[in-house]
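Only one structure is covered here, and it is reproduced in the block below.
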Amino acid sequence: TGALEEKNKRDHYTQLVGACLFFVPETILKERLDPETLESLGLIKQAHQFNQKIVKIKTKLFYKQQKFNLLREENEGYAKLITELGQDLSGNITSHLILESIKSLIGCFNLDPNRVLDIILEVYESRSDQDVFFLSLIKSYMCEPLTLCHILGFKFKFYQEPNEETPKSLYHIAAALLHHNLIELEDLYVHLMPLDAAIIEEHKRDISEAKQIARKLVMVVLPSEKSEDKEKEKEKEEEKNEKPPDNQKLGLLEALLRIGDWRHAQSIMDQMPSFYATSHKAIALALCRLVHLTVEPLYRRAGVPKGARGCVMHPLRNKGAPPPAESFEELRRDTFSMLCYLGPHLSHDPILFAKIVRLGKAFMKEYQIDSRPDVKDKLETLLSCFLSIADQVLLPSLSLMDCNACMSEELWGLFKLFPYQHRYRLYGQWKNETYSSHPLLVKVKAQTVERAKYIMKRLTKENVKQSGRQIGKLSHSNPTILFDYMLSQIQWYDNLIVPVVDSLKYLTSLNYDVLAYCIIEALANPEKEKMKHDDTTISSWLQSLASLCGSVFRKYPIELAGLLQYVTNQLKAGKSFDLLILKEVVQKMAGIEITDEMTSEQLEAMTGGEQLKAEGGYFGQIRNTKKSSQRLKDALLDHELALPLCLLMAQQRNGVVFLEGGEKHLKLVGHLYDQCHDTLVQFGGFLASNLSTEDYIKRVPSIDILCNQFHTPHDAAFFLSRPMYAHQILSKYDELKKAEKGNRQQQKVHKYVAACEQVMTPVHEAVVSLHPARVWDDLRPQFYATFWSLTMYDLAVPHSAYEREVNKLKAQIKAIEENPEMPLNKKKKEKERCTALQEKLQEEEKKQLEHVQRVLHRLKLEKDNWLLAKSTKNETITKFLQLCLFPRCIFSSIDAVYCARFVELVHQQKTPNFCTLLCYDRVFSAIIYTVASCTENESHRYGRFLCCMLETVTRWHSDRAVYEKECVNYPGFLTIFRATGFDGGNKADQLDYENFRHVVHKWHYMLTKASVHCLETGDYTHIRNILIVLTKILPCYPKVLNLGQALECRVHKICLEEKDKRPDLYALAMGYSGRLKSQKVHMVPENEFHHKEQPARSATPASQQNGPGSTGKPSTSTSKTEEGTSEDGDRGKEKSQGTTKPVNKANSAAAKAYQEDDKEKIVKEKKEKKDKTPGSTPETKAENRREKQRDERAGKEDRVAREGKEKTPKADREKVKAEEKNNKDDKTKAGNGEPMDPSRERDTIKESKNKEKGDRIAVAGSLKSPVPRSESAESERDHKRRKLDSHSSPSHSSSVKFLLCLPERCLPVHIPAALKIFKESCPTCRHGIWKSQPNPRDLETIPWTSA
């Protein structure tokens, strides 16, 4: 550029370029240099002319158009062209020949080539069936694809005007050209309308409109607003009814699908929102047809059910279409992706829906059979594909189908092959996510809810059938939405349960399975609180759902595995609320009820066989439970849940208290504990009665493994093992009978005993590991195992219950015969049923009678080895109560009865070394702590146990003949235990009838004292439990008038105090008060209940009748020993007061018994064995004479003093206060019937050894009821009474072990210290009432004793 301005530089430049002419071609220089330089070099003549020439050439090249003849100008040429293209192409005419003719016409008539191409496309559009010819012609004619694309785009643009409709033929030729790669989709796509942004906007608008509609359906709208909304909706619908603008992209997509070009169709659908394209029915059907073609061969091979013919689909002639699938693996190539694009719109083609489901079923069968490791991975991949199809396609499509029950059943055929975990996952996705994925599904959900509301509002017991049909129709398509709403209504209104359950009979199998999932989801709802706001009771919604579970699962064939696993998982997580569900399910499905409110008749029936239990043991006669209980059993066994549930429930009982119960109300903790325990008992009973012997033995481990490895509490472990022992004994007995045939009864009994020995010997060895070795010093493992392995079925036959049920059946037969309205065939069936049932009951009774006889014979042989002679009676009874009686008597109502009957049986069998009197005394004398530690249901059972024990005592008390028949000459009623054993002929060793009556009065008195104490505490648990216990023992207690009056006044006070505070206590107290008043007529004065006069002197030697301190003592001054028969208390008193102190015979004898028993043990340990006859030493003879004289003097003085005395207990309470300070030491030493530490016992015995010589041990005296005595003994009596009344709990003395009064598994319970009780006149009724003076000591904690 600088050379242009400066001449010298330009000359240099020109010379340089000129020099280059020798080796640079001239053409290059002309191409690159400017005209002026070329002119100076002489390469051109004039630069100006050269520039003009360049402009002319460019104009001609780029801006001048060649003139062709158009249609109007050359009609003949185009007419010939159309004739050539429109001729019949069926002959030998090929595209090549036609192309040559077209070239000739273009040359001859100078036709426009683009216009010719346009006419070719027009003719192809009109003859779209001639794809092969025209496509080859266009491919040969066309020079570049872009030109063809522009012409097609111009055609599409022409139809984008309003109210224009693009013809399908144009879509077809565009699709064909795309499929054969004559044009590119990207080039054509830009010419199509509407734009992608407009499509996305439209989709969002549809979703928002659908949600708005759903919101309006849910909202409560006023009538005026409703009419306005309806008008607006009508206007919108009218606008929509106007012809929408044509969507050319969807039209092209449909054409591509129809010719089978899946690759391009997929590309177009990828540009659009999910399921937008297939939401148009034509496209959905085109895609369905393509899927039909791809699955046809595989369906014909594997999916067609037997007997079905179906319609054969012919494949596409298009070679570029997706190849048909011949195997399940080939479905992954295209079919699964097509189905995923189809989504919920498979609903347009139910036939294809059924085909896919059937293919799924065929695959699942192959998957379950083929276990080869090399193909397992492929099968797993295919399984996940089928699950995805079910989630994304099948279930959403079912929602859009209009109540198609057949498709629902077809789908269940596939789903039932999946494990319930997969199914529930699918239902969860369907319910919670699917309905928000598409506008149509949003609307369907809202419509379903609206319809469900309509049906539920009108559902009653009367229109169950009609409403049930409507519910069935609605549930075929959208069960999750319907059931979700129905369950929400049931949680609010539990009276809907019965009509809802009855209305569900029109559901499909899939719907029942969905219902099970919806119930579990509702139970597991984290937003719902399972406790009421007061935190003392379980929420009503949970109770309603539990009740629904029981009814639904019993009535309909719904799989239980999911529900059972849910309960198991909740238990594993330490949550016991949901045990309510298991309880309801077992109760409804198996007909096994658990209630502590059973009548005595029901309880009696429960001690019989299974048939008697079913007929007379439950409140509701639940019939036809065979199928439902079988389903429950199969679900438990198939999923291995039977034993885990039992173990978790057994462990969770304590978990309720120690893990769950930290922040919960005590009332709720007790309720949850009871629920857990009751469900365990119910569930264990179900397993015992429904599992076969092999199944049960295979699943339940031995007792030592249960307790030591699984940490199962002993009572629950034996409860689970007990049926196993019974099964094993019976099977072994049958084996022995078959091995040696003999029909004699004696032979059968011996074989039964042998079978028992073979089965139970390993158990005897196993139980040794359950307790420390020192336990077995007092109890034999055989006795322990026998107690825990037997049931009431083994001990007695309930003849009256069998007779009662047989009579009922006879009455039914008679009523059936006399019913004229019943059809004859029904009469016949009912009579046959009743007769068969009657025969079953009679056969069962006979079978049980034989069994009981065998068991009693076995016990008679075993009894001599049950208890060791070397152990003290006190320790033996302590261990028996702690490890056997108390844990089992609160386990169930049947066990409560069993415990009482077992004690009676041990007594009747004349078991050596078992002191019946001591056992009963321990049970009745210290019930405060046991009552305080019980839950509500345990109180019912404990009360029933006490009632049964009292029944036996009352029977003996009421009749001398009965007493002499059942108690005299029995070792359990010995007052003297000799080292040489029991000598039944010596009546001097027995407790006579009158003394026994005193003892019974003393027990009644102790029950009254304990009851008053509990009622006075003000503690909710104490009051509730003692009222329950008192209600249970009402038939046998109170029998003495003054004791009944004392209770009546105190209960009346509870009624007044609790009326507005604690209504449940008020209700209990009022109920008991009313029943107590009705029992008043049966009460007798104290002098009728037992003779208060000093009994006449008998021929019994003084050394035996009147031992040390055996003079009578008023009932108002019951001592420590009277309450607990503890040797500790008496021993402490004798140390402080000397042996010359007057003491009731009943009091001293038990203390002597315990002391002497322990003394025997110590003497044996020291190997100082002595054989002395009782009362043989001069010291004891002299002391007995002195005691006799004191007795006579005291009796005379007492008769004089008694005339001015009150007859009710505790009349001299004021004198006790005066001596309280002086006797604090004694008070701390006194116990409540619990044994002292053995070392302390030995020390005490050593100190009193010189005063008490000989091996004689008196028991009966300690149990004797107080009788009046003289004024001279007043201070001593008050002293003892003060010691009795002021004791509060074992924690007052650190050396006293609390072993007896609480069951082995008892929990730490806080109860107030015992209150001092005195008596004054009631201002209202003038009766003597009990008053309490609070102890200054704070709350005491009962120590928790482990096993």
Side-chain angles (χ1 to χ4, degrees), residues 597 599-600 924 927 931 939-940 942-944 946-959 997-1016 1022-1059 1065-1092 1114-1116 1118 1205-1211 1265-1266 1317-1332:
E597 300 299 329
T599 64
S600 56
F924 295 133
I927 70 165
V931 168
S939 302
H940 283 282
Y942 186 59
R944 199 178 288 279
L946 289 178
C947 184
C948 293
M949 296 286 277
L950 282 168
E951 281 176 4
T952 306
V953 169
T954 306
R955 189 176 76 249
W956 291 338
H957 173 274
S958 60
D959 191 348
R997 284 164 65 87
H998 292 315
V999 170
V1000 176
H1001 177 266
K1002 176 250 183 177
W1003 290 338
H1004 278 245
Y1005 169 77
M1006 297 311 299
L1007 288 173
T1008 308
K1009 183 178 184 302
S1011 302
V1012 170
H1013 164 76
C1014 290
L1015 293 171
E1016 287 283 358
H1022 287 61
I1023 299 173
R1024 180 198 66 192
N1025 290 358
I1026 198 63
L1027 286 172
I1028 291 170
V1029 170
L1030 287 172
T1031 305
K1032 286 290 181 186
I1033 63 176
L1034 198 56
C1036 302
Y1037 168 86
K1039 292 291 187 185
V1040 184
L1041 192 58
N1042 60 341
L1043 302 181
Q1045 289 170 349
L1047 275 178
E1048 186 179 1
C1049 289
R1050 191 63 201 89
V1051 172
H1052 179 66
K1053 187 180 175 186
I1054 290 286
C1055 294
L1056 296 176
E1057 290 173 351
E1058 304 295 345
K1059 185 170 185 179
L1065 290 185
Y1066 172 72
L1068 275 174
M1070 285 297 290
Y1072 178 69
S1073 179
R1075 296 178 65 178
L1076 182 62
K1077 286 174 184 174
S1078 67
Q1079 288 287 326
K1080 251 188 175 181
V1081 294
H1082 304 296
M1083 296 183 196
V1084 296
E1086 185 180 342
N1087 57 358
E1088 292 183 24
F1089 191 80
H1090 72 127
H1091 291 301
K1092 297 185 69 174
S1115 61
T1116 57
T1118 310
K1205 290 289 215 180
E1206 284 184 14
K1207 292 183 180 181
T1208 52
K1210 304 192 188 318
S1265 175
I1317 301 172
F1318 60 93
K1319 185 181 176 188
E1320 69 179 23
S1321 294
C1322 174
T1324 308
C1325 60
R1326 300 300 177 190
H1327 285 308
I1329 61 170
W1330 302 99
K1331 287 287 187 178
S1332 61

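Index from 1, following the sequence.
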Exercise answer: donor-acceptor pairs, residues 947-955 side-chain atoms, under 3.5 Å, sequence neighbours excluded:
residue	atom	partner	partner atom	Å
Glu951	OE1	Arg901	NH2	3.4
Thr952	OG1	Glu904	OE1	3.3
Thr952	OG1	Cys948	O	3.2
Thr954	OG1	Leu950	O	2.6
Arg955	NH2	Glu904	OE2	2.8
Arg955	NH2	Glu966	OE1	2.8

Rounded to the nearest 0.5 Å, how far apart are [atom1] of [X] and [atom2] of [Y]?
{"X": "Ile1054", "Y": "Cys1049", "atom1": "CD1", "atom2": "SG", "value": "12.5 Å"}
{"X": "Leu1007", "Y": "Ile1026", "atom1": "CG", "atom2": "CD1", "value": "8.0 Å"}
{"X": "Leu1047", "Y": "Ser1011", "atom1": "CG", "atom2": "OG", "value": "5.5 Å"}
{"X": "Leu946", "Y": "Lys1032", "atom1": "CG", "atom2": "NZ", "value": "12.0 Å"}
{"X": "Ile927", "Y": "Ile1033", "atom1": "CD1", "atom2": "CD1", "value": "6.5 Å"}

Pairwise side-chain contact, [X] with [Y], heavy-atom cut-off 4.5 Å (strictly under):
{"X": "Glu1058", "Y": "Ile1023", "value": "yes"}
{"X": "His1090", "Y": "Glu1086", "value": "yes"}
{"X": "Ile1028", "Y": "Tyr1072", "value": "no"}
{"X": "Leu1068", "Y": "Arg1024", "value": "yes"}

- Message: Checking Ser939 now: which residues fulfil side-chain hydrogen bond (donor to acceptor under 3.5 Å, both in side chains) with it, not counting sequence neighbours?
- Response: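 Per chain and number, Ser939 pairs via side-chain hydrogen bond (donor to acceptor under 3.5 Å, both in side chains) with Asn1025.
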Kindly say whether [Y] contributes a backbone atom to a donor-acceptor pair with the side chain of [X] at under 3.5 angstrom?
{"X": "Tyr1005", "Y": "Leu1043", "answer": "no"}
{"X": "Arg997", "Y": "Phe1089", "answer": "yes"}
{"X": "Ser1073", "Y": "Met1070", "answer": "no"}
{"X": "Arg1050", "Y": "Leu1015", "answer": "yes"}

- Can you name the nearest heavy-atom pair linking Ser1078 to Val1081, along with the distance?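 Residues Ser1078 and Val1081, closest heavy atoms: O-CG2, 3.6 Å.
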- For residues Cys1055 and Ala1069, report the shortest heavy-atom separation together with the two atoms involved.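 Closest heavy-atom pair between Cys1055 and Ala1069: SG-CB, 3.6 Å.
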- Test Tyr1037 against every option in His957, His1001, His1082, His1004 by the ring-ring contact (aromatic ring centres under 6.0 Å, His included) rule and name the one that passes.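 Result for ring-ring contact (aromatic ring centres under 6.0 Å, His included) with Tyr1037: His1004.
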- Query: Is the count of non-hydrogen atoms from other residues, nucleotides or ligands lying under 6.0 Å from Met1083 atom CE greater than 12?
  - Reply: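 More than 12 within 6.0 Å, yes.
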- Query: Between the side chains of Glu1048 and His1052, does any donor sit under 3.5 Å from an acceptor?
  - Reply: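 On atom types as modelled, these side chains do not qualify, holding no pair under 3.5 Å.
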